[in-house]
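Keep in mind the model is a prediction, meaning the values are calculated, not measured. These numbers come from the heavy atoms of this one structure, side chains and all, not from hydrogens, waters or symmetry mates. Convention: sequence-line order gives letters A, B, ...; per-chain numbering from 1.
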2 protein chains.
Amino acid sequence: MSYQLELRHFNYFLAVAKELHFRKAAEKLFISQPGLSRQIKQMEEILDTPLFVRDKKKVKLTPAGMYLKEEVEFILNHLELIQKQSRTIGEGHLGEVRIGFLGSAMQEVIPKFLLQLKESYSGIKTSLEELSNRAQVDALLKDKLDIGFVRLARVPKGIEIMPVKEDSFSVVLPENHALSAENFKKMGQLKEESFILFAQEYSPLYYDTVVSICEDSGFSPKVSHKSVHAQTIFKLVENNLGVSIVPTSLQYGFKMKIKFIELKQIPQRAVLSVIWKSDNRNPVLKNCMDLILG
Amino acid sequence: MSYQLELRHFNYFLAVAKELHFRKAAEKLFISQPGLSRQIKQMEEILDTPLFVRDKKKVKLTPAGMYLKEEVEFILNHLELIQKQSRTIGEGHLGEVRIGFLGSAMQEVIPKFLLQLKESYSGIKTSLEELSNRAQVDALLKDKLDIGFVRLARVPKGIEIMPVKEDSFSVVLPENHALSAENFKKMGQLKEESFILFAQEYSPLYYDTVVSICEDSGFSPKVSHKSVHAQTIFKLVENNLGVSIVPTSLQYGFKMKIKFIELKQIPQRAVLSVIWKSDNRNPVLKNCMDLILG
DNA sequence: AATAGTCAATAACCATGAGTTATCAATTAG
DNA sequence: CTAATTGATAACTCATGGTTATTGACTATT
């Protein structure tokens with residue numbers, strides 16, 4: 001009997017724990033069923049505790065098995081990351097930071113940050129991914145991301161959050177709309193319009209804020225369309241399908257037949273925040289955070 | 001060529017990374033040097049990056065190697081914990097919490113907590129260890145401990161802290177000392193005494209607080225002896241080697257020729273706090289914290 | 001210089017055990 | 001009952017982790 005667990009065991013265990021079926025798990029692992037059975041058995045001997053209950057035709061996890069499944073998922077995931085990072089560092093980089101962001105952060109915050117990063121730490125590689133608020137938080141928790149740029153008020157425990165950019169809101173209107181910067185006085189003038197907004201799931205804070213802007217003017221907005229892309233929203237506005245309210249900085253970078261009226265008088269702000277995990281083990285994260293918060 | 005890292009590689013790597021000497025590392029691992037060399041080489045191939053520089057007579061870590069050393073230490077450590085926990089859970093317990101504490105917490109807080117724990121979650125095992133403030137924080141950060149009972153004002157990032165017990169301070173005097181509860185009026189009366197205190201390294205907060213108590217009365221204490229055990233401090237007081245100031249609850253549980261005078265009038269309090277890591281993955285920690293924080 | 005000593009790498013070999021195929025025993029479905 | 005499906009056993013094989021013996025590169029000693 002061998003006396004030491006190996007990663008192989010963990011991989012096999014996880015496959016069975018997920019499938020709850022030895023034969024199917026073995027297939028996915030490209031090994032034979034008896035081989036798998038034996039490895040799992042060995043694992044149970046090493047840990048000195050059963051991990052599965054093989055009860056007439058059914059395979060179930062024991063409590064210890066359930067616990068181990070959680071932990072093994074975490075470990076294998078983390079291990080994958082370590083392998084990538086080692087390689088990256090070996091290539092002469094200081095490391096890689098995995099950045100998630102909302103589309104609206106791409107207008108200004110992200111490019112500025114990447115430029116700074118290049119100047120200060122040319123050895124840091126980045127990988128960029130556009131993700132929803134929710135997806136960024138999830139990815140952060142699962143150690144799939146190091147930094148996120150989100151619009152959120154609250155964030156789960158273990159995640160840190162700091163505002164990086166405050167923006168005003170602007171009304172977005174089709175170019176031929178009767179209202180203009182000159183004759184626009186108050187939100188109430190949009191009472192009868194239908195609104196095209198970022199989806200609530202995509203950014204609850206944004207959605208709630210926009211609704212509150214309208215409610216401050218005594219009406220609740222009729223939302224006719226939702227999207228997760230500014231591009232789409234603007235396109236719909238351009239085609240007279242409604243109006244929108246978005247962070248002002250989104251006005252740059254799109255060439256469409258629409259106009260923006262900045263809402264200078266209202267108290268609401270579109271706040272973009274960085275989020276990161278306080279116990280993130282990525283050694284170059286500190287450098288990045290110094291730059292962003294510095 | 002194999003195409004998958006195994007824990008064996010990590011163990012071997014760590015040995016070499018620590019020794020920086022293949023032969024010595026091989027000895028410690030109870031394998032032959034060529035075998036070790038080959039495994040490391042294989043590891044470098046899998047990671048596709050060199051981990052060591054074998055430079056004329058000297059073995060050094062590459063940057064990637066340094067990074068990996070940190071991570072591997074963390075992973076192997078965490079893995080060990082997981083194995084223990086699986087076993088514990090397999091035995092029918094819900095899990096095990098590893099508790100560290102200052103001696104002074106043993107008087108009341110710890111027994112009370114253990115009793116509650118037994119009543120509410122009889123399935124939770126505990127391991128107890130008396131440690132200094134500093135040692136508890138270190139152990140917590142290294143994942144060697146789940147909960148600590150400390151006297152600290154501040155705590156590093158990633159660690160949570162909550163006060164659990166407030167205590168007054170008491171002066172400790174030899175039984176035959178001229179001062180007594182009746183004729184003791186103010187701290188100034190102890191101006192000329194020499195003090196026996198808990199060592200500053202052991203509990204900086206305690207030490208600073210005691211000094212502040214004296215300074216509030218216009219003198220700074222002459223400290224003649226320091227210790228990390230109440231037992232020792234009381235013994236010294238008993239033998240007329242000085243007086244002390246300690247959290248009042250320490251008066252129970254020791255049978256010595258000493259007397260306690262509670263300092264009811266001063267503002268300083270001896271605060272005992274729980275500390276734990278916000279990202280601790282121990283599934284029964286939550287139950288414990290619910291009990292402690294109520 | 002010459003020699004001895006120390007290091008990790010290489011080469012050739014061996015034996016453990018991961019993974020194979022064939023089969024069994026137990027259960028379920030029709 | 002029979003057929004199908006499950007995981008466990010048994011017997012075998014072969015890849016590879018680990019072995020010993022040796023080499024090549026370097027250092028320290030005389």
Exercise for the section: Measure from NZ or CZ of B:Arg134 to the centre of the six-membered ring of B:Tyr202 and say whether it is under 6.0 Å with the direction within 45° of the ring axis. Expected result: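 Pair B:Arg134/B:Tyr202 does not count as cation-pi.
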Practice task
Would you name the heavy atoms of A:Leu29 and A:Ala15 that are closest together and state the gap between them?
Solution key: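 Of all heavy-atom pairs spanning A:Leu29 and A:Ala15, the closest is CD1-CB, 3.7 Å.
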Problem - Closest approach of B:Glu44 to B:Leu51 (non-hydrogen atoms, all atoms of both residues) - result: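 Here B:Glu44 and B:Leu51 meet closest at OE2-N, 2.8 Å.
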So, is [X] near the phosphate of [N], with a side-chain N or O under 4.0 Å from OP1 or OP2?
{"X": "B:Gln42", "N": "D:dG17", "value": "yes"}
{"X": "A:Lys41", "N": "D:dG7", "value": "no"}
{"X": "B:Ser37", "N": "C:dA9", "value": "yes"}
{"X": "A:Arg54", "N": "D:dT6", "value": "no"}
{"X": "A:Tyr12", "N": "C:dG19", "value": "yes"}

Practice task
Using distance alone, with no hydrogens and no angle criterion, decide if A:Ser132 and A:Gln136 have a side-chain donor and acceptor under 3.5 Å apart.
Solution key: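 Note: A:Ser132 and A:Gln136 side chains miss the donor-acceptor criterion.
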Distance, rounded to the nearest Å, where [X] contributes [atom1] and [N] contributes [atom2]:
{"X": "B:Ile40", "N": "C:dT10", "atom1": "CD1", "atom2": "P", "answer": "14 Å"}
{"X": "B:Glu6", "N": "C:dG17", "atom1": "CD", "atom2": "P", "answer": "15 Å"}
{"X": "A:Glu45", "N": "D:dA8", "atom1": "CD", "atom2": "P", "answer": "12 Å"}
{"X": "A:Phe52", "N": "D:dT6", "atom1": "CZ", "atom2": "P", "answer": "16 Å"}
{"X": "A:Leu36", "N": "C:dT21", "atom1": "CG", "atom2": "C1'", "answer": "16 Å"}
{"X": "B:Leu51", "N": "C:dA8", "atom1": "CG", "atom2": "C1'", "answer": "16 Å"}
{"X": "A:His9", "N": "C:dA18", "atom1": "NE2", "atom2": "C1'", "answer": "9 Å"}
{"X": "A:Arg8", "N": "D:dA15", "atom1": "CZ", "atom2": "C1'", "answer": "13 Å"}

How many angstroms lie between [atom1] in [X] and [atom2] in [Y], if you round to the nearest 0.5 Å?
{"X": "A:Lys125", "Y": "A:Thr88", "atom1": "NZ", "atom2": "OG1", "answer": "4.5 Å"}
{"X": "B:Thr49", "Y": "A:Ile89", "atom1": "OG1", "atom2": "CD1", "answer": "9.0 Å"}
{"X": "A:Arg281", "Y": "B:Glu71", "atom1": "CZ", "atom2": "CD", "answer": "4.5 Å"}
{"X": "B:Glu27", "Y": "B:Glu19", "atom1": "CD", "atom2": "CD", "answer": "9.0 Å"}
{"X": "B:Leu205", "Y": "B:Leu152", "atom1": "CG", "atom2": "CG", "answer": "7.0 Å"}

Exercise for the section: Please say which of A:Ile161, A:Leu285, A:Ile292 ends up in a side-chain contact (heavy atoms from CB on, under 4.5 Å) with A:Trp276. Expected result: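 For A:Trp276, the side-chain contact (heavy atoms from CB on, under 4.5 Å) test succeeds with only one of A:Ile161, A:Leu285, A:Ile292, which is A:Leu285.
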Handout entry: Check: A:Arg38 side chain, C:dA18 base, donor-acceptor under 3.5 Å
Key =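 Result: at least one qualifying N/O pair found.
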Problem - Given C:dA18, D:dA10, D:dG18, the nucleotide with the shortest approach to the side chain of A:Gln39 - result: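 Selected nucleotide (nearest to the side chain): C:dA18.
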Exercise for the section: Among the candidates C:dT20, D:dG18, D:dT19, find the nucleotide nearest to the side-chain atoms of B:Pro34. Expected result: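 Among C:dT20, D:dG18, D:dT19, the one nearest the side chain of B:Pro34 is D:dT19.
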N/O-N/O pairs, protein side and nucleotides 26-30 of chain C side, under 3.5 Å:
none

Handout entry: Rounded (10°) bend between the five-pair end axes of the helix from C:dA1-D:dT30 to C:dG30-D:dC1
Key =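 Taking the rotation axis at each end, their angle is 20°.
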Problem - Aromatic contact, A:Phe52 with A:Phe13 (centres under 6.0 Å) - result: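 Yes, the ring of A:Phe52 comes within the 6.0 Å limit of the ring of A:Phe13, centre to centre.
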Practice task
Determine, using ring centers only, whether B:Phe198 and B:His229 are less than 6.0 Å apart.
Solution key: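 No, they do not, as the ring centres are separated by 6.0 Å or more.
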Practice task
Within residues 58-68 of chain B, find the residues that approach DNA chain C with a heavy atom at under 4.0 Å, and present them sorted by residue number.
Solution key: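 Output list: B:Val59.
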Problem - Nucleic acid contacts - residues 16-33 of chain B versus DNA chain D, non-hydrogen atoms under 4.0 Å - result: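 Those residues whose heavy atoms fall under 4.0 Å from DNA chain D, taken from residues 16-33 of chain B in numerical order, are B:Phe30, B:Ile31, B:Ser32.
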Exercise for the section: If a pair satisfies salt bridge (charged side-chain N to carboxylate O under 4.0 Å, His left out) and one of its residues is in residues 283-294 of chain A, list it, with sequence neighbours excluded. Expected result: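 Found A:Lys286-A:Asp290.
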Handout entry: From CA spacing to verdict: side-chain contact (heavy atoms from CB on, under 4.5 Å), B:His21, B:Lys58
Key = CA-CA 8 Å; B:His21 197 290; B:Lys58 276 198 182 116; over 6 Å; no
Exercise for the section: Could you list the residues that satisfy side-chain contact (heavy atoms from CB on, under 4.5 Å) with A:Gln200, not counting sequence neighbours? Expected result: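 Listed in chain order: A:Tyr207, A:Asp208.
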